[in-house]
Amino acid sequence: MATFTDIVKTFVNSIARSKVSLMGAVLTTVTFPILLVAAVLDIMGIVENPYFGFIIYLVLGPLFMVSLLLVFLGLFFFKGKEGVSLFTYDYLKEQFSAPNRFAKVRKLVFLISGLTLLNLFILGLISYTGYHYTESIGFCGQLCHTVMAPEYTTYKNSPHSRVRCVECHIGQGAQWFVKSKISGVRQIFAVAFNTYSRPIQTPVHGLRPARETCEQCHRPELFHGDKLYIRDKFLPDEKNTHLQTVLLLKVGSGGYRGSNAHGIHWHVSPQNEITYTHTDTAREKISEVRLSKPDGTEIVFTKETDTGAGPAGKVRTMDCVDCHNRPTHIYLPPDEALDQKLAHGDIPVSLPYIKKIALELITRTYASHEEAKNTIATEIRARYRRDYPTLVNNNLPLLGQAISGIQAAYVENVFPEMKIEWNTYRNFLGHKNDSGCFRCHDGSHTTKAGEIISMDCETCHVILAEDEADPKVLETLRGL
Ligand code: HEC
Ligand code: HEC
Ligand code: HEC
Ligand code: HEC
Ligand code: HEC
């Protein structure tokens, strides 16, 4: 009677007779333990490095699958000199019909099922962890380091830094999952062959309609009433004079439990579907805005000047990202970047003219972050040692703090390697650069009857203070 070792021997022999199988078997044996250990390390979160995941799931994993396939292909199709009869139909028939052979066959079946189960287990394990890996922040944001550095950096500094990239970029459901993986493969080729555009073009055309992603977490109909908006500014004078602008933003709601949609989030009420025609790729030139009500009425606002200009107009349904196009990749303008650092104390306000000098330094053109950082450091040191020697010598850490604050303002917003300068990406929330809300609310979009989309300042906010030192309204609110 055949022993278990015989069976293993037959199996190994048959593999050895086919070169293809042999190659597959060697590869499987080598990759198997590595994959197992690596997948366990990854699941337990012991190694957290995006390149580690890349090697396991996108190199070793597929290699393992291909080598398994080679083993079987070899057994069936590429037989060696003597021919392998292990799995042929006649062979099996003979084995099953001869009673004394039955034990051998049974063991063989056990062995093969055992091996297959083991392989299925490891395949399952790597597909599961591999799926999680390709959905991870490390894979999306850190693997292609230079390409994604701007998005990853701005994301890290944003309110959404704990939301995974895929929750906005893919969302739930199979359809967008498949789309994203196909587009992902294209992106890997673009990076490998260095054909991606610098900077990455926006608006992102393949982006899923925002209401299917943002609304997994936010409910527009519930939205809060008004929101206090405070903007700190520092003048480029000797004292870096601190001014504040205070607005009450009428965020409103999309309508909830009988309350009517009102304020800024009026646009996202189910009662108000807004579509618009834009004649440029940036969606800034809007020739027609169409407001549709559930009862079928439509109000059409047109702007004469833009009609017919540029390529044929494209129609788009307005959603969250037509205003919140920078919910997480927030690139600030130079002025505002510095104002924030000054307001948070990252740059000391006590240094004379620091706003003015910093603004001049960060708006120069540099070839890299390194160059910018070095220049900022040397210039700041040189200027303050020359012009304010006593101040600086009495408080050395002050200069160091100023330098790192100014460097941060630059490296968090400008990425020369990706050709992202100041103001490369527009922000549609508000009306900086005269775009944003004013793409429609510019007072020139009118209906035939002469109604206009309002440009009245009070439509969207009440200005409580504008560029004031110590605004009274803030004192009142703080109970001072
Ligand atoms: C809160 C939602 C959200 C999260 C989280 C998010 N993104 Fe985005 N991202 C967007 C939106 C919205 C746009 C579209 C901007 C546009 O079309 O103008 C965008 C645009 C981009 C772009 C195009 C270039 C640009 O700067 O606009 C890239 C690349 C990108 N995201 C990568 C990432 C990566 C990598 C992560 C994770 C590290 C991430 N995103 C996380 C919402 C998000
Ligand atoms: C996975 C959940 C999730 C998704 C998806 C998501 N957000 Fe958020 N969002 C949050 C959380 C959590 C916060 C609050 C962060 C905090 O205050 O710490 C937030 C905050 C915000 C804020 C307030 C930011 C501020 O300045 O305080 C805005 C605006 C916003 N999200 C818009 C969006 C938009 C637009 C999208 C879709 C492109 C989106 N979010 C998708 C979870 C999400
Ligand atoms: C017409 C433009 C517009 C549209 C469309 C829009 N928002 Fe807003 N949203 C705003 C403005 C403006 C604010 C206040 C901005 C600020 O905080 O500086 C705001 C505030 C918010 C906030 C923060 C509220 C708070 O109190 O901090 C969240 C969250 C938010 N929006 C989510 C969404 C989501 C989700 C959608 C899509 C369903 C959406 N918004 C559609 C303009 C818009
Ligand atoms: C694509 C065009 C478009 C854009 C962009 C747009 N709006 Fe509107 N908005 C409209 C239209 C159309 C109306 C309705 C006008 C009317 O009925 O008189 C409207 C109405 C409003 C109203 C009045 C809502 C009410 O209570 O009746 C507010 C507030 C408002 N928008 C704020 C904003 C803000 C803030 C932004 C920028 C963050 C913005 N809108 C961007 C098209 C737009
Ligand atoms: C369609 C809506 C809308 C209209 C009309 C509008 N604004 Fe605004 N404005 C906004 C929003 C939204 C913000 C906040 C932007 C943000 O969150 O970054 C803002 C911000 C501002 C700020 C603060 C900017 C800063 O320095 O941070 C000022 C000042 C301002 N608006 C003045 C005006 C004046 C003056 C008018 C009338 C000519 C006007 N706005 C009309 C929506 C509007």
Side-chain angles (χ1 to χ4, degrees), residues 145-158 161 198-200 202 230-245 326 328-388 391-392 395-427 429-430 432-436 467:
H145 185 76
T146 324
V147 192
M148 281 302 127
E151 283 74 27
Y152 184 66
T153 311
T154 46
Y155 159 88
K156 274 283 167 212
N157 297 327
S158 87
S161 57
R198 298 179 184 80
I200 294 170
T202 55
I230 304 174
R231 164 92 154 83
D232 293 281
K233 294 182 196 176
F234 295 85
L235 295 181
D237 57 9
E238 185 172 8
K239 287 210 182 84
N240 310 300
T241 307
H242 181 203
L243 298 179
Q244 286 176 307
T245 292
R326 304 263 136 231
T328 193
H329 313 294
I330 307 167
Y331 305 86
L332 298 173
D335 203 31
E336 204 174 329
L338 289 175
D339 288 344
Q340 282 196 5
K341 298 284 176 210
L342 282 156
H344 295 164
D346 297 334
I347 302 175
V349 194
S350 55
L351 281 176
Y353 286 114
I354 190 70
K355 168 78 186 274
K356 181 167 183 266
I357 293 170
L359 193 62
E360 192 254 299
L361 284 173
I362 62 170
T363 48
R364 285 190 198 170
T365 308
Y366 301 102
S368 67
H369 278 175
E370 274 322 298
E371 190 192 311
K373 282 160 107 175
N374 291 338
T375 313
I376 290 168
T378 25
E379 293 253 343
I380 291 284
R381 276 200 200 98
R383 287 200 205 185
Y384 281 91
R385 286 205 172 122
R386 186 191 64 201
D387 299 340
Y388 302 94
L391 179 86
V392 172
N395 195 348
L396 280 176
L398 213 58
L399 270 198
Q401 197 190 344
I403 289 169
S404 54
I406 300 168
Q407 289 172 332
Y410 182 87
V411 301
E412 285 168 7
N413 297 289
V414 180
F415 301 86
E417 284 90 348
M418 284 301 292
K419 296 199 167 49
I420 296 176
E421 299 297 326
W422 295 104
N423 303 330
T424 293
Y425 289 121
R426 289 279 163 107
N427 187 345
L429 198 73
K432 289 173 192 135
N433 309 314
D434 279 351
S435 171
D467 294 341

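Numbering starts at 1 and runs along the sequence shown. Note that the structure is a prediction, hence the values are computed from the model and not measured.
Proximity of Ile200 to Met148: side-chain heavy atoms (C-beta onward) are separated by under 4.5 Å at one or more points. Taking 4.5 Å as the limit, every side-chain heavy atom of Asn157 sits out of range of all side-chain heavy atoms of Ile330. Counting heavy atoms from C-beta on, the side chains of Lys356 and Phe234 never come closer than 4.5 Å. Using a 4.5 Å heavy-atom threshold, the side chains of Ile354 and Ile380 count as touching. Residues Leu359 and Leu338 are in side-chain contact: their nearest non-hydrogen atoms beyond the backbone lie under 4.5 Å apart. Contact check for Leu391 versus Pro352: side-chain heavy atoms found under the 4.5 Å cut-off. With contacts defined as side-chain heavy-atom distances shorter than 4.5 Å, the pair Pro150/Tyr425 does not qualify. Within the 4.5 Å cutoff, the side chain of Leu351 has heavy atoms near those of the Tyr384 side chain.
With values rounded to the nearest 0.5 angstrom, Lys341 atom NZ is found 11.0 Å from Ile406 atom CD1. With values rounded to the nearest 0.5 angstrom, Thr424 atom OG1 is found 10.5 Å from Met418 atom CE. Separating the NZ atom in Lys373 from the OG1 atom in Thr378 is a distance of 13.5 Å, to the nearest 0.5 Å. Residue Thr241 holds its OG1 atom at 11.5 Å from CG of Asp467, rounded to the nearest 0.5 Å. Taking CD from Glu417 and CD1 from Ile420, the interatomic distance works out to 10.0 Å, rounded to the nearest 0.5 Å. Separating the CG atom in Asp346 from the CD atom in Gln407 is a distance of 12.5 Å, to the nearest 0.5 Å.
Between Ile376 and Ile403 the shortest heavy-atom distance is CG2-O, 4.3 Å. Counting all heavy atoms, side chain and backbone alike, Asn413 lies closest to Ala337 at ND2-CB, 3.7 Å. Nearest heavy atom pair, residue Tyr410 against residue Pro416, reads OH-CG, 3.7 Å. The two residues Ser158 and Thr328 make their nearest non-hydrogen contact at OG-OG1, 2.5 Å. Here the shortest heavy-atom pairing between Ser350 and Leu398 reads OG-CD2, 3.9 Å. Annotation for Ser161 and Tyr155: closest pair O-OH, 3.2 Å, computed over non-hydrogen atoms.
With hydrogens and angles ignored, the 3.5 Å screen pairs a side-chain donor or acceptor of His369 with a backbone N or O of Val414. Proximity of a side-chain donor or acceptor of Asn427 to a complementary backbone N or O of Lys432 within less than 3.5 Å is not detected. Side-chain N or O atoms of Gln401 include one that pairs as donor or acceptor with a backbone N or O of Gly345 at under 3.5 Å. His329 places no side-chain N or O within 3.5 Å of a backbone atom of Thr154 that could act as its donor or acceptor partner.
Looking at Arg364 and Glu360, a side-chain N of the basic residue comes within less than 4.0 Å of a carboxylate O on the acidic one, giving a salt bridge. Ion pairing between Lys355 and Asp237 fails under the 4.0 Å rule for side-chain N and carboxylate O.
Partner Asp339 forms a side-chain hydrogen bond (donor to acceptor under 3.5 Å, both in side chains) with one of Lys233, Arg231, His242 and no other, that one being Arg231.
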Could you please spell out the steps behind the side-chain contact (heavy atoms from CB on, under 4.5 Å) verdict for Thr146 and Arg198? CA-CA 11 Å; Thr146 324; Arg198 298 179 184 80; over 6 Å; no
